[in-house]
Each structure stands twice: as C-alpha cells, then as structure tokens.
Amino acid sequence: MPEGHSVHRLARQLDDVFAGQVLQVSSPQGRFAAGAALLDGHELLEATAHGKQLFARFSGERILRVHLGLYGAFGFGGDQTFRGASSIGAPRRIGEKEAYDDEAPAAYDGPPAPVGQVRMRLVSAHGWADLRGPSVCEVLTIPEAEAVRWRLGPDPLGADTAAGEEEFVGRIGATGTVIAAALMNQSLIAGVGNIYRAEALFRAGLDPWMRGRDVPVPALRALWADICAMMADGVRDGRIITTRVRDRSDPEAPVWPDHAYYTYQRQGRPCLICGTPIGLAELAARKLYWCPGCQAPTRRVP
DNA sequence: CTAGCATGATCAC
DNA sequence: TGATCCTGCTAGC
C-alpha cells in the first residue's frame, strides 16, 4: 500500500479540494451503494489520517472510513482548484511517484464516465474524486470511528510526536515478537509498511530478528525519531526515499530508482554501505529485506 | 490470454 | 500458517 505518508497526503488533498462543500456521493460499481446513499448530499467537514486509515467527517455525524489496502487508489480531476491534485494510492512500479495532470486547466465539464471498478465517486461543483480497490470503504458513526482509532498505535505523522515516542517505546519495548514483525503491527505503530519497516531497521543497524523487548530503549527512541523523519520526508516528496544523498549515485543504475532504498527490493545486490549482498526472507507472509552485514545478529530469537 | 505480483489486513484453524 | 479479499499492470506463453 501506500504507506502512512500517502494516506496523510490524501487526507490533506481531500481536505483542500472538498472541505466545506456539499458532495454528491455515489458508487458507480455498486458495492458501496448503501454507504454512498448515507453521505450523498452532505457536506464534507474535514479529512484526517491516522496511520493508513483515512477518515472523512461529513455533516450528519457520519464518518467515511477508507483503507486503501494493497491496491486502493484515489484519482482526482476538476477545475483550477484541483490543479496539482495527484492521484494517490497503489503504485504499479517500484518507487512510482504520484501522477497528476499538469496540463493547462481546461474548462471543467463535470466528471468523466467512470472507468473500471470505481467503488466510490465524490463530486463537488468544482471536481471529482474516484476511489478504486480499497480494502475498506464504509460509513461509521462517531463512536465507531473512535473505536477504530483506539485500536491503532501512535502515528509517526501525528501531531504529538513526543507522546507518540513514549507510546512506541512502551509498546514495542514490551513485545516478545521480533522487531521486524512488530513494526508492521498497526496496533504498535500506525502507518509503517514494508518499505519503511525494512529501511528503518537498516538505518538503525538493527537485526530484524531481535525481539522488541530486547532492543535497548535508546535505540527504540532513535528508531522512532528516524521513522518520523523519513515519513515526514515522504509526505513532503510524495514518494519514499530513504537513502542519504551521499549514498545515492550508482553507475550501475543511472536511471530512477537511483538508490532510493538501501534494502527494499535490492536482494542479492551489494549493500550500498558494506557491499554484503542484501538478504530476502519471508516473514509473516511478507517479504523482509535486510543487510546481513550492517544488521548483524545480536540477540535473536532462539 | 493467463498467471503472478504489489507499499495490506483479517479470519479460520 | 494458510486462505481470502480488493484491482490493475506486466511478464510470459
């Protein structure tokens, strides 16, 4: 998926183009017809994100909750107020950047006929947004939405990073599961996905198979701070880039992805720092990438 | 044309 | 741990 940074950008963009407007909400595909009927004709008050969850609050005390899953994506279009509104969601190629139409704004004529499986379409007087392929798209009451938030760990892109740090250290530092799996558990930290997990562990020099509770607390604090910084960059850039500038050039790969990552999808290729071939393992049904040299075993699970 | 794959998560066993 | 769901692109017949 779009990891947490994409969902935060998405929330911001929805807020920019739709907040304060009455929307027509529909489900061209039909699978969200009932939910769309609940929202249709209501005003979108505010869109926010917590980790990978998107919440859009509508008048009438209804909350639209969307989770993009692996494949979900939003596309946008409209008049000049939609200029720069990029499509956000599942990339089709490694490191793909968000795409948007940079053409001079033609007169807006209303939304085009839906293409493919459009689960939900939002339409204002100025433009439209199409959602396809989400794993969740539902309408909640306010208490139901709060219950969803309650189950989530701290968000590195949340407002209170100091409180988040304490929560992160408390939760990760108490778990007996390996750190690589713990970082993907949204109830321990919300918003980290497979790329940030691999890259954060690499940058911290941590052995992925160490238990959470065996990672020294200062290392956990540094890990939290680094994740916050990387994801903030992701929000700014609309793309995940985790390598430091000095590590990016490579005669072998002159074209993008010009070493945007240290380990993600670099299995078998030499580590940018130590030259050891990057490893690939299957962990809880996801691919884990790491450098056996830079992230040497310390206190692994036996 | 089909199978396989992807930055995800849940549920049953 | 394995099966399942969501969608669209791409590699390989």
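So you know, we letter chains A, B, ... as the sequences are listed, proteins then strands, and number each from 1. No hydrogens, no waters, no symmetry mates; every other heavy atom, side chains included, goes into these values.
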For nucleotides 3-6 of chain C, print each protein N/O atom paired with a nucleotide N/O atom at under 3.5 Å, atom names and distance only.
from   : atom 1 : to        : atom 2 : distance (Å)
dC6(C) : OP1    : Arg31(A)  : NH1    : 3.1
dC6(C) : OP1    : Arg31(A)  : NH2    : 3.0
dC6(C) : O5'    : Arg31(A)  : NH1    : 3.3
dC6(C) : O3'    : Arg119(A) : NH2    : 3.1
dC6(C) : N3     : Tyr71(A)  : OH     : 3.2
dC6(C) : N4     : Tyr71(A)  : OH     : 2.3

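One P atom belongs to dC6(C), the other to dC1(B), and the distance between them is 23 Å to the nearest Å. With both ends at atom P, the span from dT10(B) to dG8(C) equals 23 Å, rounded to whole Å. Taking atom P in both dT4(C) and dA3(B), one finds a spacing of 16 Å when rounded to whole Å.
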Under 3.5 Å, which donor-acceptor pairs do the side chains of residues 215-223 of chain A form with other protein atoms, sequence neighbours left out?
from      : atom 1 : to        : atom 2 : distance (Å)
Arg221(A) : NH1    : Glu165(A) : OE2    : 2.8
Arg221(A) : NH1    : Glu166(A) : OE2    : 2.9

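At whole-Å resolution of the value, CG in Leu152(A) and P in dA9(B) are 10 Å apart. One atom, CZ of Arg197(A), and another, P of dA9(B), lie 11 Å apart when rounded to the nearest Å. We find that CD1 of Ile88(A) is positioned 18 Å from C1' of dG8(B), with the value rounded to whole Å. Taking atom CZ of residue Arg65(A) and atom P of nucleotide dA9(B), one finds them 10 Å apart after rounding to whole Å. Going from atom CZ of Arg151(A) over to atom P of dC11(B) covers 9 Å, rounded to whole Å. Rounding to whole angstrom units, CG of residue Asp130(A) and C1' of dT7(C) are separated by 14 Å. Atom OH of Tyr264(A) is separated from atom P of dC5(B) by 13 Å (rounded to the nearest Å). Atom C1' of nucleotide dT10(B) and atom CG of Asn185(A) are separated by 13 Å, given to the nearest angstrom.
Among residues two or more places apart in sequence or in another chain, the side chain to side chain donor-acceptor pair (under 3.5 Å) test is passed with Gln29(A) by Gln117(A), Arg119(A). Remark: Asp207(A) pairs with Arg300(A) by the side chain to side chain donor-acceptor pair (under 3.5 Å) rule, at least two apart or across chains. By the ring pair (Phe, Tyr, Trp, His ring centres under 6.0 Å) test, Trp128(A) pairs with no residue at all, sequence neighbours left out.
Listed by first and then second residue, the salt bridge (charged side-chain N to carboxylate O under 4.0 Å, His left out) pairs that reach into residues 167-178 of chain A are Glu167(A)-Arg171(A), sequence neighbours excluded. Within the structure, salt bridge (charged side-chain N to carboxylate O under 4.0 Å, His left out) pairs that include any residue of residues 54-63 of chain A comprise Glu46(A)-Arg57(A) (at least two apart or interchain). Applying the side-chain hydrogen bond (donor to acceptor under 3.5 Å, both in side chains) test to pairs two or more places apart or on separate chains, those with a residue in residues 146-156 of chain A are His8(A)-Asp155(A).
The stretch residues 198-210 of chain A has no heavy atom under 4.0 angstrom from DNA chain B at all.
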Report task. Begin from the C-alpha positions of Ile63(A) and Thr141(A) and carry the test side chain to side chain contact (heavy atoms under 4.5 Å, CB included) through to its verdict. Result -> CA-CA 6 Å; Ile63(A) 313 279; Thr141(A) 63; over 6 Å; no
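The pair Arg236(A)-Asp233(A) counts as a salt bridge, with a side-chain nitrogen and a carboxylate oxygen less than 4.0 angstrom apart.
Contact annotation: Lys287(A) side-chain N/O to dC5(B) OP1/OP2 distance is not under 4.0 Å. An OP1 or OP2 oxygen of dG8(B) is reached within less than 4.0 angstrom by no side-chain nitrogen or oxygen of His67(A).
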